[in-house]
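Data block below; observations after.
By convention in this document, chain letters (A, B, ...) are assigned in the order of the sequence lines, proteins followed by strands, and residues within each chain are numbered from 1. From a predicted model like this one, the values you see are computed outputs, not experimental measurements.
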Amino acid sequence: MKKRVIAALLTALMVTGLVAGCGDKGGSDAGSDASNPAPDAGTAAPATEETGDDAGDDAQTPDEGGDAAGTADFTGEDPQLAKKVKILTIWAEDNDNGILLNKICENYKNEVNPNFEWEYEMVAADQLQQKISTLAASNDLPDFFAYEAGAPLVTLIEADKIVNVSEALEEIGATQYINEGAAELMKGLSGTEDLYDLPLGLNAEGFWYNKALFEQAGCEVPKTWDEFEEVLTKLDAAGIQPLVTGGSDKWPATRLINAVAVRTCGNDIMTKTANGETPYTDAGLVAAADTVAAWAEKGYFGEGITTVDMNTAGSMLMNGKAAILYNGSWFTQNLADESQNPAGKDGIGFFNIPVSDESVSSATSYSMNCGNILAMDKSKYDEATAWFLKYFCENMGDLAMNEMATVKGYTYSASAELDPYTQMVLDAINESTEGFAWWEAKMSSEVSKTAQENVQPLLNGDMTGEEYMQSIQDVHDMQ
Amino acid sequence: MKKVLGNKAAIALFVVPALILYTALVMVPVIWSLYYSLFSGSPGLKWEFVGIKNYLDLFRDKNFRNALMVNFKYISVVTVGQVGLGLLLALMFKFWLKHCKSFVRTLVFFPVVLPTVAVGQLFAKIYEIQPHYGLLNSFLSAVGLQDLVQPWIGQESTALWALCVMDIWVAMGFYSVIFYGALLDISDDILEAAHIDGASGFNLFRRILLPLLRPMIITSLVFSFSGTVKMFESALALTKGGPGAATKSLSMYMYDVSFTFNKVGYGSVIAIVIFLICVCGSAIINKFDVRDD
């Protein structure tokens, strides 16, 4: 009898445990809310009554948050509204833009708004699109997040998920703090009249070369593609590996096709193909792909180029194992680091993509971009975020110059002593009269994936230039 | 005990909570996938009902066919490799290794506990060709087989097989331990009787050990099969699905489709295909489990 009673009790306990475990989370949340009435509103002491309401509304109906900043006046002092922003990026806190983003949050909290809090999260760069897509689908985008300009961002713009930055900047009076060139580049990539993202870099791309190896082979910096081919032949003849690229990362290899394509077909060729004006199988584009495939076939990239990642490629250039590498101005960070760069402060040079016909694409037009950009969730954008945004735009330029001696696409007044490599890139950016985007910038994610994946068989000789371009066209047609 | 199990209410009390959990955790997502597969786009982003269009698209999709082929090749090689080599290792522990058995067993089991990413990095170094030769290419070069030096994971012809070798290496220790346990359960009397009857070597294995090990082999095959159908992280760590799409599995393709291309509906169709392959494959393997009674 006793046993039966104990068994019954234990069973009852198990069932209760199960029911409690499976219980609705909302219920317990509601309970804790009731016992702890609106802690956020309570701490927002300096906030006006109106903003207190806003904060409350924001928590319940985030969709209305986008209008919250609409009525405020942003000319006076920061009202020190309580706010916790979530920032999602691809940089570690102690690296690159991660340092700047955390520093500017810290400065804002210390200097302007003690009620400001931030939560910094990082994902791997190749996971970013997936992560953002998932968060967008569940209406849970972070307040600020790094993202890719071009087609991926356009999807979010069309879905009305992100803040119209032009309007926001105008409202808070911070339009003048964004570098005009950067703004134009970003608008061009989105294909919109308004700006929907904030720059986190202003990069020029081109060829980096090892000066010692050039000297050894008796090469001059090439200005045209014909000269470039001559340089490759000379280097190869001198027993030097002429080229290297991050074939396993794929994008560095497609950049090479883009470089040839733009100079032979015009700066806007990839926009035309994306719009359907020119097919991807255009003879000029096929020839560009064939050119890169021919370099691989001649062994200019060395063996197994599809297994080399961009870090290894960079290190091969700096260590004199390869002579030329196509990369962006972000590479200056590695170059300026003496522990990484045995070639020293003057060992590596930079030249713009060679031209073939100046009337098609001029020598002063550069492949430029704003790196991974920063976008803002529309539903979470409110007055407090707007005040932070104002501080962000006003101070990012100087902060980037002081902390990292680099340009991020914001106006700056600080002057820092630049290392020769950064100076080299700044000169290029200043010299540029026109910018064009990278290979996949205007492609949808599916077309872009195909373009990147199939560049490996192209380099391996398993695909011809025509087959490569046809594979891109096929996916484009299916859209 | 009989009384308790005879009582239907008691059975229900024990079974229902587990059944509810199982339904919630397994069946609901499967049915959810079925529902999702009738839509295009991604929930919240261009989410539209399209009926069976996604299923029709599947038959025209070259990438899907390619990924399916990659999966089949990978499953057949890796399943046989993992279970076969696991069995060979177990036989070696039982019959040949007399002294350092425990040490070798620990050594062989060691890769099982390594994180996949670490194993991927390790093998990427072994197969490396640029800027330096990795272990394999250095060895080939040193013994005068320079012709065989090649980018093992950088070309379509060898990348998948290089990946298979890695995954067999990782898991064979696990199966060897399972089989070794099963071999220890076989009474020495049976083996002695077999010896007296003149069975030895391969005959002993085929006529005595194999039938006795059959249930364990079937179980291991099901384990290995369901593990390899999911082929994802090892390929991602070693080759990122490349070169081209040479090592891109169905799961990787599903991930791309759902989260990079924002086509969760179509991704769900691929998920259902993976689910069906799992169910059918396990059923086929279980067909070999002929009961003696």
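Proximity to chain B is absent for every atom of A:N319, based on heavy atoms less than 4.5 angstrom apart. For A:T312, the part sitting under 4.5 Å from any heavy atom of chain B is the side chain, from C-beta outward, and nothing else. For A:L458, no part lies near chain B; criterion is any non-hydrogen pair under 4.5 Å. At a 4.5 Å heavy-atom cutoff, A:Y468 makes no contact with chain B through either its backbone or its side chain.
More than 12 heavy-atom neighbours from other residues, nucleotides or ligands sit within 6.0 angstrom of CD on A:Q127.
Between chain B and the options A:K131, A:Q241, A:M478, A:E158, heavy-atom pairs under 4.5 Å are most frequent for A:Q241. The most heavy-atom pairs under 4.5 Å with chain B, out of A:K321, A:E303, A:K250, come from A:E303.
Under 3.5 Å, the side chains of B:T260 and A:Q130 contain a donor-acceptor pair of N or O atoms.
Contact annotation: the side chain of A:K449 approaches that of B:F261 to within less than 4.5 Å [non-hydrogen atoms, C-beta and beyond].
Heavy-atom proximity under 4.5 angstrom to chain A picks out B:A245, B:K248, B:Y255, B:D256 from residues 245-258 of chain B. Within residues 49-69 of chain B, the residues that have a heavy atom under 4.5 Å from a heavy atom of chain A are B:K62, listed by number. Residues of residues 124-134 of chain B that come closer than 4.5 Å to chain A, counting heavy atoms only, are B:I129, B:Q130, B:P131, B:H132, B:Y133, ordered by residue number. Contacts with chain A (heavy atom to heavy atom, under 4.5 Å) involve these residues of residues 148-158 of chain B, listed by number: B:P151, B:I153, B:G154, B:Q155, B:E156.
Scanning all heavy atoms of the two residues, the minimum distance from B:P243 to A:P457 falls at C-CD, 4.4 Å.
Interatomic distance, CD of A:Q456 versus OG1 of B:T239, reported as 9.0 Å (0.5 Å rounding).
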